[in-house]
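Per chain, numbering begins at 1; letters A, B, ... match sequence-line order.
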Amino acid sequence: MPYRLLKYAFKNPEELGDPRYFDQPEKLKSSYDVVIIGGGGHGLACAYYLARDFGITNVAVLEQGYVGGGNTGRNTTIVRSNYLTPEGVKFYDESLKLYLDLSDDLDINLMYSTRGHFTLAHSDSAMRTSRWRAETNKHLGIDSEVVDRQFIKNEVPYLDLDCGGTHPIMGALYHGPGAVARHDAVAWGYGRAANVRGVEIHQKTQVTGIKTNDDGTKVVGVETNRGFVQAGKVISMVAGSSPRITSMVGLKTPIEIFPLQACVTEPVKPFMDTIIVSGSLHCYVSQSSRGEMVMGASADPQELHSTRSSFDFVEGLTDQMMDLLPFTGGLRLMRQWAGMCDMTPDFAPIMGKTPIDNFYLDGGWGTWGFKATPVSGKTMAYTVANDKVHDLIKPFGLDRFDTYKLVGEKGAASVGH
Amino acid sequence: MKVIDCPHIGKRPMSEFVYGHEVREMPKPSEASDKEWADYVFSRDGAPGVKKEWWHHVPSGIWFVFERDTLTDKFIRLVDIAEVQYEL
Amino acid sequence: MSYRLQEQPFEWIDRSKTVNIEVEGRPMRGFEGDTISSTMLANGVIHMGRSFKYHRIRGPFTFANHDINALFENADKTHVRGDVELAEDGLKLKGANTIGGIAKDKFRHLSLLSRFLVVGFYYKGLFKPRFLRPFYERIIRESAGLGKVDLNWRGGRKSKRYGFCDVLVIGAGPAGMAAAKAAAESGAQVMLVDENAQIGGSLDYQYANDASVADTRSELKEAVLNNENIEVHTSSVAVGWYTDNWMPINTPNGIIKVRAEQVVMATGLFEQPSIFHKNDVPGVMMASAAQRMIARYAIKPCEVAAMVVANEDGYRAALDLLKAGVKINAIADLEDHEDRGDLAKQVKAQGVQIYDHHGIYEVEGKDRVTSATLCPLNASGELDTSRKTTVPCDGVMMSVGWAPATHMLFQCKADIKYDATIGQFRAQSLPEGMFAAGRVNGVFDIKDQIADGAGAGQQAAAAAKGESADVQRPEPTKVRQSHEYPIFSHPKAKNFLDYDEDIQLKDYINAAKEGFDNIELIKRFSTNGMGPSQGKHSNMNGIRILAKHTGKSIDETGSTTARPMFHPTPVGHLGGRRFRAERVTPMQESHVAHKAVFMEAGAWLRPEYYDTEATRTESIHAEVNAVRTGLGIIDVSTLGKIEVFGPDAPEVMDRICTMRMSNMKIGMTRYALVVDEAGVITDDGVVVRYADDHFYYTTTTGSSDPAFRTLQKQILEWGLKAEAVNRTGQLQAMNLAGPLARQKLAPLTDIDLSEEAFPYLAARTGTMYGKPVTLARVGFVGELGYEIHCLSGDAAEIWDNLLRDCADAGIRPFGVEAQRLLRLEKGHVIVTQDTDGLTNPYEAGMPWAVHMKKDFFIGKRSLEILKPLQARKLMGFMFPESYSGGTPKECHLLIKDGELNGRITSVSYSPTFNRYLGLAYVDDMNANVGDAVNVRLDDGALVEAELVSLPFYDPEGKRQTCDVDGTEEKVA
Amino acid sequence: MKNLKLEKAQNLEMWHVRGQAAPAAIASLSCGAPEMFKINSFGDFGFTTATGATEFYLVDEKDGSVAAELKAKAGDADTFMFPRQDALFVLSGEGWKDMMLRVSAFNFKAADDSGYITANMAGVSVWFRVNSTDPNKVLFGCDPSYGHYLYETLCDVIKEVAAL
């Protein structure tokens with residue numbers, strides 16, 4: 001029996017919760033060096049790296065709901081780096097590398113499980129996009145290749161390659177290092193590690209306004225439902241709420257919000273050891289550590305600031321899923337939910353400095369926010385600490401749209417997961 | 001499934017529609033600076049609120065413009081096309 | 001000892017029909033109408049399964065599908081819920097999540113280790129030291145999940161249908177039946193849905209022996225079952241509430257997607273357990289579970305019972321038990337039985353020992369409960385263990401309170417608050433179109449429940465007609481029905497909050513202590529309510545425990561979001577029948593006859609090539625040669641075909657395309673390129689000008705519908721006097737191409753094909769075989785050719801006639817692959833293959849297509865910005881004729897000094913030039929024709945190719961204009 | 001839902017009439033001017049309807065007399081008569097509206113039988129016109145390229161429904 005569990009077994013109940021994962025500080029201080037808006041994976045990671053790497057601990061993370069309650073708790077839990085553009089590949093591969101050691105860094109089992117990731121191609125144009133990604137990945141040292149039907153048959157024998165008769169599978173982009181992790185634990189791990197280093201995490205604290213100097217060129221503090229807080233620097237790391245926050249400083253961005261829905265089946269004995277995504281059918285499936293099949297599809301077509309569920313999402317997904325994996329017809333959907341997907345025109349995030357001094361932005365994460373949690377925290381901490389944009393995120397500046405220097409991640413325009 | 005109440009064809013489920021995005025007034029190209037034009041092309045006021053949007057009813061082939069609250073998903077009113085027309 | 005009681009007044013079993021099933025190898029006999037669990041109980045078997053985490057033996061608990069103690073599986077069914085699924089004759093089942101069966105499960109001693117398996121143990125341990133992590137991961141994964149999945153299951157899909165009604169009533173208990181009856185009698189079209197096999201609800205198992213409701217019951221049932229305005233669906237579950245009263249009902253034979261004008265939620269309650277030591281031992285169950293066993297399946301729950309109660313319902317259950325011949329050794333009333341009304345007096349009168357202000361502290365028993373120990377409650381609501389009373393019993397019934405089935409009320413955003421008077425959440429206000437009635441609405445007296453239902457039914461029926469009915473609804477009860485805190489700690493723990501997830505009281509409290517003291521976080525960390533019953537028997541107690549621990553009120557503590565599905569719903573029902581709308585052209589039979597191999601292009605099915613030669617490549621090359629040297633014909637009916645007409649038609653075309661269109665001469669064609677507002681290429685095609693005010697515009701296959709929609713919207717937005725008609729499927733098209741085209745076509749049409757009368761890039765209308773056609777000389781494949789456009793009804797005939805009448809010229813149908821090769825030899829771009837999400841016309845080598853002198857076209861202002869920023873260009877390349885290395889493929893990268901320097905977009909082996917040629921983006925504006933580029937192949941090898949000018953084939957375009965009378969003349 | 005029959009409609013021709021002068025031409029027809037999305041019926045299945053200010057559909061019986069009349073009346077440039085080649089079907093039988101519940105979200109039972117109904121059926125955009133004399137017969141049409149798929153699919157659904 002692992003030593004650690006013994007330690008917990010004989011701990012007397014009173015000592016439990018010392019230290020707590022997250023303290024519940026009674027009051028907000030009147031000012032902080034840094035205020036991070038958003039207590040999800042990105043916000044807590046940034047607080048952790050600010051404290052660990054730059055010794056900046058006079059930091060408050062303000063979360064309107066509960067820690068990890070936003071998109072951090074609602075995503076595909078997939079981690080991968082087989083992106084299309086060199087800028088995307090370098091950024092997400094750094095994230096994947098950070099993930100590999102994160103359970104040890106944060107002393108919490110993230111159940112990071114390398115499974116192999118298939119992006120199925122159901123047409124010759126999808127095969128071309130797969131080869132484009134594979135060639136770029138290989139050039140940048142990423143384990144990623146185009147595989148044929150036989151390879152898929154061997155790895156995933158229960159997959160119907162003819163897909164019920166329409167859109168047969170022609171091949172796939174296979175990415176060995178593709179992994180899944182327990183999403184909640186990432187937020188809790190970062191939260192505790194930041195909390196222990198003196199960062200204050202305030203839940204049920206909503207930012208209702210951002211105060212700037214007279215000519216609106218510099219941020220000075222934030223209004224919350226618990227009063228005003230002065231801040232040397234303010235970072236917006238709120239994904240689905242990004243437009244609401246940026247509009248508080250009069251900053252227009254290309255971010256638009258679309259609901260992204262997902263669902264799980266009842267937990268069954270694990271049998272699927274890989275991650276399956278279909279670009280053409282716009283759906284994904286993997287089996288969680290609890291045994292549930294976690295499934296989802298592309299974002300809803302119209303803008304909506306809500307996490308309401310819809311039935312046509314379930315109908316479309318289950319219809320496609322039974323073509324891919326016929327036996328899932330016998331499983332039962334137990335629960336469905338939704339996150340708020342902050343999409344950008346070039347499917348790449350918006351990070352770094354903004355035209356307003358001391359106001360930094362980390363948003364536009366579309367369907368790829370969870371994958372970027374460690375590297376986004378790290379690079380944003382560096383950028384905020386030094387007021388200098390980290391090299392890895394230079395291509396993702398807000399100003400890229402002014403000069404039409406979009407990132408080519410949109411490629412052949414089908415959203416990946 | 002959201003229901004949209006339309007003239008002539010009555011209440012229809014949203015699955016019969018294609019979302020045509022927000023109605024956005026185009027600035028005069030000749031008078032817009034590069035930055036202003038890029039702002040028109042890419043920037044969106046993404047915050048929740050009431051917006052005029054294009055909705056295409058596929059089976060009957062008709063374009064409608066509705067005002068919709070993007071927070072509550074409530075269709076507030078049908079907008080006359082003339083209200084969103086503009087000269088170059 | 002026979003476990004079957006004598007016939008019950010409203011039992012669900014048909015004693016004339018026996019049913020034989022086998023559970024874990026043991027044959028069991030039941031009746032038709034028995035469920036798997038009731039059949040097992042009738043055969044004296046109480047062990048229904050093993051629990052998820054500690055593999056503890058489990059028996060019946062809610063008997064209402066609010067727990068998964070009884071979970072079975074067999075070869076073709078996963079997660080069979082024994083309490084509610086019928087025992088079909090011949091059914092063979094075994095317990096889920098066991099190794100070696102329920103009785104001898106290999107993990108049955110796991111609960112001894114429960115000390116070490118603290119809450120969230122898998123977060124705290126099992127990942128260090130690192131080298132053991134894969135081993136630990138396997139342990140976690142193997143212990144995860146419940147049922148096994150049969151990967152060969154092909155049970156298939158169940159068709160769905162739509163349903164419409166004025167009033168949808170969920171729940172056919174007293175309130176639900178009354179609501180349906182009242183609504184129907186007010187003229188509404190009603191649908192009544194209940195998850196149980198029969199209607200009646202609590203009337204038939206809590207009031208089975210209550211004579212005072214006998215008449216009301218039969219009157220309600222008779223009204224509901226015989227009123228043709230009421231469509232009744234039993235064994236049917238409302239999956240969830242979705243926007244605008246869109247409620248899918250999962251019936252045994254498929255889902256009905258109901259659009260209801262008005263909904264009445266009469267969904268009743270889930271009974272909640274008391275928490276005490278070993279409250280999960282078989283024999284410990286909800287009082288309502290015992291009543292269901294007796295009333296529905298005539299099963300005697302036990303011989304000798306003890307009870308813990310906190311409401312009148314407890315005594316109603318006690319009377320039912322006594323009537324069924326069960327001896328009750330003790331009833332612990334958490335408060336004072338004097339306040340429980342007449343029923344308590346009747347129970348006492350039968351000599352039952354009632355202990356006021358007492359709770360159950362613990363029970364004993366391993367395979368089944370053997371005794372229960374009661375203790376008095378002290379001032380602070382804890383049990384005083386210094387004064388114990390232990391009574392022997394083989395059954396413990398709990399009736400300490402309820403949680404309302406408010407899932408769908410939460411989903412429709414009702415304003416729900418905790419009503420401390422009753423002790424349950426209740427809707428304070430309801431959105432339009434939604435009503436609540438009966439016990440979910442806090443109305444408990446049975447007559448009031450019926451009146452509440454009738455009132456709601458009338459109001460709903462009126463609202464469905466747009467009117468309102470001023471109806472007097474009964475007040476919610478003033479008597480508390482659910483105890484504030486029926487939860488008692490114990491030094492030896494094994495006091496379960498969530499039976500699905502095996503969560504003990506201390507696990508939950510420790511989770512709060514560790515910092516997860518917020519209702520959403522404590523759910524995720526402890527997993528309370530995350531199992532298959534989704535918290536139906538554990539969420540309410542979880543909120544009570546957290547509220548007490550944090551010193552907050554129930555409302556301040558809040559509850560987790562109630563998400564669909566109300567019960568887990570089969571994917572085969574949700575997916576329904578397969579509808580894959582497919583488009584085919586009229587020439588489909590002919591393609592099949594000519595051995596076409598098909599590919600999918602969006603919704604269309606198109607011949608990729610015709611399998612006439614030994615291999616695919618040889619067939620394609622044969623088709624290419626036919627077009628180059630003789631005569632070929634391709635079906636291009638999938639192209640988008642849009643007619644634009646009206647006084648402002650020329651202005652519309654000028655604004656949509658990058659090049660000027662308004663100066664086209666009538667009877668001519670022109671290549672059209674379309675970009676979006678950001679200057680990115682979205683589509684291209686050919687435009688024919690029929691008249692001053694009439695254009696005919698063909699688009700790529702993939703974008704026919706979006707292109708038409710956008711064009712329509714732009715015309716509206718600009719307020720121009722022009723109209724567009726989408727004729728994509730109404731017209732068909734075929735391209736007759738090759739040196740013999742003119743010679744063979746001339747006699748078949750009344751159109752003068754002479755070069756003077758019908759020059760290259762012109763278009764003429766006329767007839768072929770007496771059918772109206774438009775002929776257009778387009779240059780896509782680089783040969784003399786005529787694209788023939790005709791009515792859909794005439795296309796097959798024209799196609800077949802051409803194949804017949806040109807047979808002597810060796811005409812050969814050619815497919816998409818050959819066309820791609822032919823157009824590549826001419827250096828033509830295919831949008832979405834040679835262009836990507838960012839490509840603008842300059843990068844794609846088409847500056848000539850952008851007429852900046854026009855005062856406006858979509859994307860113009862962006863192209864002015866993009867032009868100077870160009871950093872890559874699309875160029876032609878060729879491999880040496882002698883090349884024999886690996887195959888270059890589309891999307892292979894160009895590499896220069898080890899750096900990315902470009903990408904191949906199209907490449908093929910050209911039979912015309914006997915070498916590989918293609919198009920590629922070169923990320924170097926100084927690259928010129930004649931330079932060498934390195935292509936990295938699949939295996940990483942770098943091979944050289946040479947940049948050449950475009951087009952490769954017939955640069956002067958002679959082939960498309962000269963009238964070659966069939967002589968073998970190939971232009972290299 | 002027994003005795004449901006699906007046949008391909010014969011000898012009907014269809015026109016899509018557009019243009020600034022179209023309203024006048026249509027109004028001058030002897031069968032009168034149609035209202036928006038309403039069936040102005042003549043003959044067994046023949047009808048005209050309006051789906052826009054300058055957009056009309058005409059389905060004519062086999063003799064094509066109404067179409068000829070319209071061509072004569074239209075005459076000048078500002079009216080465009082495009083022949084339509086829709087795949088046309090007739091579904092007949094008492095339970096046709098119940099069968100429709102399996103393939104379309106449109107509530108046919110609540111609809112006014114004199115309407116020109118446009119809805120999605122089995123994934124395809126389809127228009128419907130209930131027979132003016134026999135409510136148990138409906139004519140419907142779709143883009144010809146979907147005709148094969150729609151016919152096969154509906155035959156399947158009718159077989160399944162008949163078995164209920």
Side-chain angles (χ1 to χ4, degrees), chain C residues 158-166 189 246 253-254 256-259 261 576-586 588-589 603-605 637-638 641 643-648 690-694 704-705 712 721-732 772 790-795, chain D residues 1 13-22 52-55 77-88 97-111 119-126 141-150 152-154 156-157 159-161 163-164:
Chain C
K158 265 258 195 285
S159 290
K160 294 180 279 192
R161 74 170 173 85
Y162 294 92
F164 301 90
C165 61
D166 298 328
Q189 203 56 40
W246 180 247
N253 32 43
I256 306 171
K257 294 181 278 188
V258 177
R259 171 77 66 195
E261 288 302 317
R577 163 191 288 273
R578 237 171 147 261
F579 290 120
R580 293 286 183 277
E582 223 177 51
R583 301 182 89 170
V584 288
T585 74
Q588 183 69 6
E589 280 86 18
W604 294 94
L605 216 51
S637 303
T638 62
K641 305 172 196 73
E643 307 235 6
V644 183
F645 50 90
D648 290 339
Y690 279 132
D692 281 343
D693 62 353
H694 188 183
S704 64
D705 287 343
Q712 241 187 337
K721 277 214 165 331
E723 298 178 56
V725 172
N726 186 354
R727 305 194 69 202
T728 300
Q730 304 291 340
L731 300 174
Q732 308 301 328
C790 62
L791 286 174
S792 160
D794 307 334
Chain D
M1 275 199 260
E13 56 175 62
M14 188 170 179
W15 298 88
H16 183 174
V17 185
R18 297 293 295 266
Q20 307 295 325
T54 60
E55 181 176 4
D78 244 0
T79 315
F80 295 81
M81 283 183 66
F82 299 103
R84 288 261 305 204
Q85 308 267 303
D86 280 18
L88 296 174
K97 291 187 175 181
D98 289 311
M99 189 283 283
M100 288 306 296
L101 290 174
R102 293 187 172 265
V103 285
S104 175
F106 186 78
N107 189 356
F108 283 90
K109 287 190 180 154
N120 183 295
M121 177 198 231
V124 178
S125 292
V126 179
C142 70
D143 180 286
S145 57
Y146 285 111
H148 177 72
Y149 158 77
L150 192 59
E152 299 284 319
T153 307
L154 290 181
D156 251 4
V157 172
K159 226 183 274 125
E160 179 189 324
V161 155
L164 285 187

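Looking at E160(D), only its side chain comes within 4.5 Å of chain C, counting heavy atoms on both sides. Of the atoms belonging to T585(C), not a single heavy atom falls under 4.5 Å from chain D. Only the side chain of E643(C) comes within contact range of chain D, judged by heavy atoms closer than 4.5 Å. With a threshold of 4.5 angstrom between heavy atoms, T54(D) approaches chain C through its backbone and through its side chain. Using a 4.5 Å cut-off between heavy atoms, A795(C) makes no contact with chain D at all. Only the side chain of A603(C) comes within contact range of chain D, judged by heavy atoms closer than 4.5 Å. Residue R259(C) does not touch chain D at all, counting heavy-atom pairs closer than 4.5 Å.
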Let me see the working for H148(D) and E582(C) under side-chain contact (heavy atoms from CB on, under 4.5 Å), right down to the final yes or no. CA-CA 8 Å; H148(D) 177 72; E582(C) 223 177 51; 5.9 Å; no
The test is side-chain contact (heavy atoms from CB on, under 4.5 Å); show your working for L731(C) and Q85(D) and say whether it passes. CA-CA 8 Å; L731(C) 300 174; Q85(D) 308 267 303; over 6 Å; no
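In terms of heavy-atom proximity, A122(D) sits nearest to A581(C) at O-CB, 4.4 Å. The two residues S104(D) and Y162(C) have their closest heavy-atom pair at O-CD1, 3.0 Å. Among all heavy-atom pairs drawn from R18(D) and A724(C), the shortest one is NH1-O, 3.2 Å. Here the closest non-hydrogen pair linking P83(D) and R727(C) is O-NH2, 3.0 Å. Taking all atoms of both residues into account, the shortest heavy-atom contact from P144(D) to G729(C) is CG-O, 2.9 Å.
From D78(D), atom CG reaches atom CG of D693(C) across 6.5 Å, with rounding to the nearest 0.5 Å. Note that the CZ atom of R577(C) and the CG atom of D156(D) stand 5.0 Å from one another [nearest 0.5 Å]. From R102(D), atom CZ reaches atom CD1 of I256(C) across 8.5 Å, with rounding to the nearest 0.5 Å. Taking CZ from F164(C) and CZ from F108(D), the interatomic distance works out to 9.0 Å, rounded to the nearest 0.5 Å. Here the OG1-CZ distance, from T153(D) to R578(C), works out to 10.5 Å after rounding to the nearest 0.5 Å.
Of the possible donor and acceptor atoms, one in the side chain of E723(C) sits under 3.5 Å from a partner among the backbone N and O of G19(D).
In this pair, F82(D) and H694(C) present their aromatic rings perpendicular. The plane angle is above 60°, beyond the 30 to 60° band.
In terms of non-hydrogen atom pairs under 4.5 Å with chain C, the most contact-rich of V124(D), L150(D), V157(D) is V157(D). For the options V725(C), T638(C), N726(C), heavy-atom pairs under 4.5 Å to chain D are most numerous at V725(C).
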